[in-house]
A.B. asks: 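Shown below is the structure under consideration.
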Amino acid sequence: MDTTIQLVKMATERSPEEIVPFLPDVFQKRIRQDAMDADPANPKRVFHMGSWAGTTDEDPFVKETRTFNEGALIWKSFFERENMKTVIVFSGAGLSADSGIPTFRDSGGLWENHNVEDVAEHEAWFRDKELVLRFYEQRFNGYKDCKPHLGHEALARLEQKFKVVHITQNIDDLLEQAGCSDVRHLHGRIRSKKCEWHKDITTLDGDRKFVCDFKAEMIEPVKLGELCPKCGGQMRPDVVWFNEAVGNLNYDEMKDWCKEVKYNDGIFICAGTSVQVYPAGYMVSFFSQVKNKFIVDRKPQKIADYELIEGNASETLPVLVDRLMS
Ligand code: APR
């Protein structure tokens, strides 16, 4: 298959972020022009762009799902985002507290007289799966009806002016519910389940049994006896426990974001975390080289020259966001 055809296929099947690194400059210029000219009121207008990101009729190579306008607008918003300043929001349990989700350490960290660390731990699973599943069933049910608060909504508003990336330790989906579009869950998601032998699970001793690749959305809490359809292992919540590695933190990417924030006069916000669990402390020190940076917390700790914003996230974040947007 020649390069052009491959690129056409990629442009229709993948996001601009994924494909741009492979695009020769001349194509980028052309697409940028076409995307900026895209006219939602006139979808019939023929753009070169159409064959890249949307139309099908004239292009035998593209078995297409996106319509022309969808494709053009995705690229347009990509090019607009490129010129925006970057905001990285790193969050923890305190961000969700005002939505009714208890934090870990404010309650003394106890659940049914067990330390949370003893239930949400890799070894705990092999000691007593039923206990661990009961803990997560309660958490799943507790999260089910929670709604985003004004702080989450304010963070979603930032996307009107900035390119925003959320890195959260929270396993709820309140940021997504509020409309935040780029959310990375360091500790997994409560609405997802995986096989107990999933290859994402990296243990400290490098145990080689973790090879399965089965994951699914969790509609109901996992029960003991619910087995993986691929390998027969017991299903478990798709969260990261103590003594398991935080898998989806890519250091190179973090370094790049830090550089980007530093050089495009962007912003780092650390919201509602006690900064006690790795990699929180690391993130906060790492981003201290950025000029515009805030710690938002009910009881903020003094770290480097961060500006401290004290109070409940549902009250302080809307004020901070208004300030950043003005
Ligand atoms: N608004 C803002 N901050 C708040 C609020 C609120 N309404 N309520 C509590 N906080 C702050 C607390 O002062 C504390 O600094 O939120 C922080 C919560 O800290 P933790 O309970 O330690 O939660 P977190 O930092 O997210 O824990 C990290 O530890 O147990 C593990 O995997 C679990 O993801 C979790 C990780």
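Read the numbers this way: they start at 1 and go in the same order the structure lists the ligands and their atoms.
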A.B. asks: Give the atom numbers and elements of ligand 1 that come within less than 4.0 Å of a heavy atom of A97.
C.D. replies: 7 (N), 8 (N)
A.B. asks: Hey, which of K230, K209, K129 is the one that makes salt bridge (Lys or Arg N to Asp or Glu O under 4.0 Å) with E196?
C.D. replies: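 With E196 as partner, K230, K209, K129 yield a single salt bridge (Lys or Arg N to Asp or Glu O under 4.0 Å), made by K129.
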A.B. asks: List the closest protein heavy-atom neighbour of atom 1 (N) of ligand 1: residue, atom name, distance to the nearest 0.1 Å.
C.D. replies: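 Here the closest protein heavy atom is A313 N, 2.9 Å.
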A.B. asks: Is the closest heavy atom of Q276 to ligand 1 under 4.0 Å?
C.D. replies: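 It does not, in that no heavy atom of Q276 comes within the 4.0 Å cut-off of ligand 1.
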A.B. asks: Quick one: do W197 and V132 end up in the same hydrophobic cluster if we chain Ile, Leu, Val, Met, Phe, Trp and Tyr together by side-chain heavy atoms under 4.5 Å apart?
C.D. replies: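 Yes, W197 connects to V132 through the hydrophobic network.
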A.B. asks: Tell me: protein heavy atom nearest atom 5 (C) of ligand 1, and distance?
C.D. replies: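 Result: G94 O, 3.7 Å.
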A.B. asks: Check whether F268 forms a cation-pi arrangement with K293 (NZ or CZ under 6.0 Å from the six-membered ring centre, at most 45° off the ring normal).
C.D. replies: no
A.B. asks: How far is atom 3 (N) of ligand 1 from its nearest protein heavy atom, and which residue and atom name does that atom have?
C.D. replies: R298 N, 3.1 Å
A.B. asks: Could you tell me, atom by atom, which parts of ligand 1 come under 4.0 Å of a heavy atom of A93?
C.D. replies: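 It comes down to these atoms of ligand 1: 23 (O), 24 (P), 26 (O).
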A.B. asks: Is there a donor-acceptor contact under 3.5 Å linking the side chains of E217 and S192?
C.D. replies: no
A.B. asks: Does NZ or CZ of R236 fall inside the cone over W241's six-membered ring, less than 6.0 Å from its centre and within 45° of the axis?
C.D. replies: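 Yes, R236 and W241 form such a contact.
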A.B. asks: Step by step, work out the side chain to side chain contact (heavy atoms under 4.5 Å, CB included) result for M218 and M235.
C.D. replies: CA-CA 10 Å; M218 184 148 104; M235 293 298 291; over 6 Å; no
A.B. asks: Return a yes/no value for F242: is any of its N or O atoms, backbone included, closer than 3.5 angstrom to an N or O of ligand 1?
C.D. replies: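 Looking only at distances, the answer is no, because the N/O contact criterion of under 3.5 Å is not met.
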A.B. asks: Within ligand 1, which atoms have a heavy atom of G272 less than 4.0 Å away?
C.D. replies: 3 (N), 16 (O), 17 (C), 18 (C)
A.B. asks: Salt-bridged, R184 to D182, with N to O below 4.0 Å?
C.D. replies: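 So R184 pairs with D182 through a salt bridge.
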A.B. asks: Check each of T316, T273, D297 against atom 25 (O) of ligand 1 and report the one with the nearest heavy atom.
C.D. replies: T273
A.B. asks: Please write down residue, atom name and distance for the protein heavy atom closest to atom 34 (O) of ligand 1.
C.D. replies: H187 ND1, 2.9 Å
A.B. asks: Got the closest protein heavy atom to atom 7 (N) of ligand 1, with its distance?
C.D. replies: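 Closest protein heavy atom to atom 7 (N) of ligand 1: D98 OD1, 2.9 Å.
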A.B. asks: Return yes if a side-chain donor-acceptor contact under 3.5 Å exists between Q169 and H187, otherwise no.
C.D. replies: no
